[in-house]
Amino acid sequence: MHVLKKARVLVASTSEVYGDPAVHPQTEEYWGNVNPVGPRGCYDEAKRFMEALTMAYHETHGLETRIIRIFNTYGPKMRLNDGRVLPAFIGQALRGEDLTMFGDGSQTRSFCFVDDLVEGIYRLLMSDYHLPVNIGNPDEISIKDFADEILKLTGSNQKLISLALPKDDPKQRKPDITKAKEILGWTPKVNRAEGLKITYDYFKSLSKEELNKTEHRNLETLNK
Ligand code: UDP
């Protein structure tokens, strides 16, 4: 049906397909290092299967497909209690709680501002390239340094407390965006200082009730 209608299907995949990567930065050619039976297995393997299925539809049925591998993204309107590090840290700073750093904070991530991601998605959709493309900001930072940036940004006097590192937490993550540059003419435009400021202004505008109703979600649920 879709083939007849020439619909184009964009699949939102993830850097999680690389698992705890042994290749750094991650190129699209890297097959990844995923623990299928670990706590992240269902998510990671589901996304990997989705990519496999997408390619099968493309190869067998000629379906027009695009696969984007989305790396850590942030921006205004994130949910405070989605468990991700940025809303967790900013929420804690605004509530006057200590920041919950998992492990020693030496693990790295590379954070992309949402507007850049949306532009990358649009360009990929409009392109004629059907293999996976990484979209993310390669500016890599350790979680410890990221926490320090949040404390500075929010002017908070809170401490960093170290909690147990969740099992299979990837030690490093940074996209190789050569393909996105060459094929889509895309590079991220918003640096972390600018993006964090915009995001912090959003969280600051929330009411006390909104800030408080998500209290301790990270401590109670994520880190069991
Ligand atoms: N993290 C942390 N404290 C938190 C939430 C997350 O130190 O309260 C760490 C987490 O262990 C990981 C990194 O921050 O190393 C990014 O976590 P997130 O869940 O945002 O993204 P993902 O691990 O899926 O890349």
Side-chain angles (χ1 to χ4, degrees), residues 12-26 30 32-35 38-48 50 68-114 117 134-154 156 158-177 192 195-196 199-200 203 211 214-224:
S13 188
T14 166
S15 54
E16 285 287 319
V17 299
Y18 302 121
D20 187 9
V23 165
H24 196 71
Q26 291 78 56
Y30 177 49
N33 178 33
V34 168
N35 174 5
R40 302 170 90 101
C42 276
Y43 183 72
D44 296 5
E45 297 293 12
K47 290 286 189 177
R48 290 166 65 91
M50 184 183 65
I68 179 171
R69 290 187 179 152
I70 300 172
F71 282 65
N72 296 69
T73 301
Y74 70 98
K77 309 260 175 85
M78 288 178 95
R79 278 184 295 122
L80 268 173
N81 66 345
D82 76 0
R84 282 181 283 177
V85 66
L86 182 140
F89 282 175
I90 292 189
Q92 287 160 345
L94 285 172
R95 289 189 299 265
E97 298 169 6
D98 291 336
L99 271 55
T100 54
M101 182 177 74
F102 298 162
D104 63 4
S106 62
Q107 70 272 28
T108 67
R109 293 295 184 272
S110 308
F111 297 97
C112 183
F113 189 66
V114 62
L117 173 73
N134 291 336
I135 297 287
N137 189 323
D139 187 5
E140 183 183 15
I141 185 170
S142 74
I143 294 302
K144 163 90 175 62
D145 289 348
F146 187 63
D148 288 336
E149 281 191 2
I150 301 286
L151 288 175
K152 212 165 149 198
L153 174 74
T154 57
S156 160
Q158 303 308 127
K159 294 194 304 289
L160 279 186
I161 50 170
S162 176
L163 301 178
L165 189 67
K167 189 167 170 350
D168 296 343
D169 197 278
K171 279 181 264 323
Q172 52 183 1
R173 187 181 289 148
K174 170 181 173 163
D176 181 314
I177 57 167
R192 201 170 49 249
L196 283 182
T199 309
Y200 176 49
F203 282 116
L211 273 179
T214 57
E215 209 169 356
H216 301 316
R217 190 266 183 197
N218 277 294
L219 288 174
E220 283 168 6
T221 59
L222 264 190
N223 213 46
K224 267 184 181 157

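Bear in mind the structure is a predicted one, so any value in this text is a computation, not a measurement. Numbers here are sequence positions counted from 1. Start at 1 and go down the list; that is how both ligands and their atoms are numbered.
- For the pair Arg40 (side chain) and Val34 (backbone), a donor-acceptor distance under 3.5 Å is absent.
- Closest heavy-atom approach to atom 18 (P) of ligand 1 among the candidates Val85, Asp104, Ile161, Thr73: Val85.
- For Gln92, the closest heavy-atom approach to ligand 1 does not fall below 4.0 Å.
- Taken to the nearest 0.5 Å, the CG atom of Asp104 stands 10.0 Å off from the NZ atom of Lys144.
- Near Gln107, the atoms of ligand 1 lying under 4.0 angstrom from a non-hydrogen atom of the residue are 9 (C), 11 (O), 15 (O).
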### Task
Determine, step by step, whether Asp20 and Lys167 satisfy the salt bridge (Lys or Arg N to Asp or Glu O under 4.0 Å) criterion, reporting the C-alpha distance in whole Å, the side-chain angles of both residues, the deciding distance to 0.1 Å, and the verdict.
CA-CA 11 Å; Asp20 187 9; Lys167 189 167 170 350; over 6 Å; no

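- Atoms of ligand 1 lying under 4.0 Å from at least one heavy atom of Thr100, given by number and element, are 2 (C), 3 (N), 4 (C), 7 (O), 8 (O).
- In this structure, Phe71 and Asn137 have side chains that are not in contact, with every pair of non-hydrogen atoms separated by 4.5 Å or more.
- In this structure, the separation between CD on Gln158 and CZ on Arg95 is 10.5 Å, given to the nearest 0.5 Å.
- Residue Ala88 approaches ligand 1 through these ligand atoms, each under 4.0 Å from one of its heavy atoms: 8 (O).
- Remark: among candidates Arg84, Arg109, Arg40, the nearest residue to atom 24 (O) of ligand 1 is Arg40, based on non-hydrogen atoms.
- Using a 4.5 Å cut-off on side-chain heavy atoms (C-beta onward), Lys47 and Met50 make contact.
- When heavy-atom distances to ligand 1 are checked against a 4.0 Å cut-off, Asp169 comes that close only through its side chain, counted from C-beta outward.
- Ring orientation note: the planes of Tyr18 and Tyr30 are close to parallel, at an angle under 30° on the 30°/60° scale.
- Ligand 1 is never approached by Gln172 to a heavy-atom distance shorter than 4.0 Å.
- Residue contact check: Arg173 has heavy atoms under 4.0 Å from atoms 22 (P), 25 (O) of ligand 1.
- Residue Ile143 has at least one heavy-atom neighbour below 4.0 Å for each of these atoms of ligand 1: 7 (O), 13 (C), 14 (O).
- Ion pair Arg48/Glu45 flagged as a salt bridge, since at least one NZ, NE, NH1 or NH2 atom sits closer than 4.0 Å to an Asp/Glu carboxylate oxygen.
- Here is the list of ligand 1 atoms found below 4.0 Å of a heavy atom in Glu16: 24 (O).
- If you take NE2 on His24 and NZ on Lys174, they are separated by 6.0 Å, rounding to the nearest 0.5 Å.
- Near Met101, meaning under 4.0 Å from one of its heavy atoms, ligand 1 places the atoms 7 (O).
- Distances shorter than 4.0 angstrom occur between a heavy atom of Phe89 and an atom of ligand 1.
- In Asn72, the part holding a heavy atom less than 4.0 Å from any atom of ligand 1 is the side chain.
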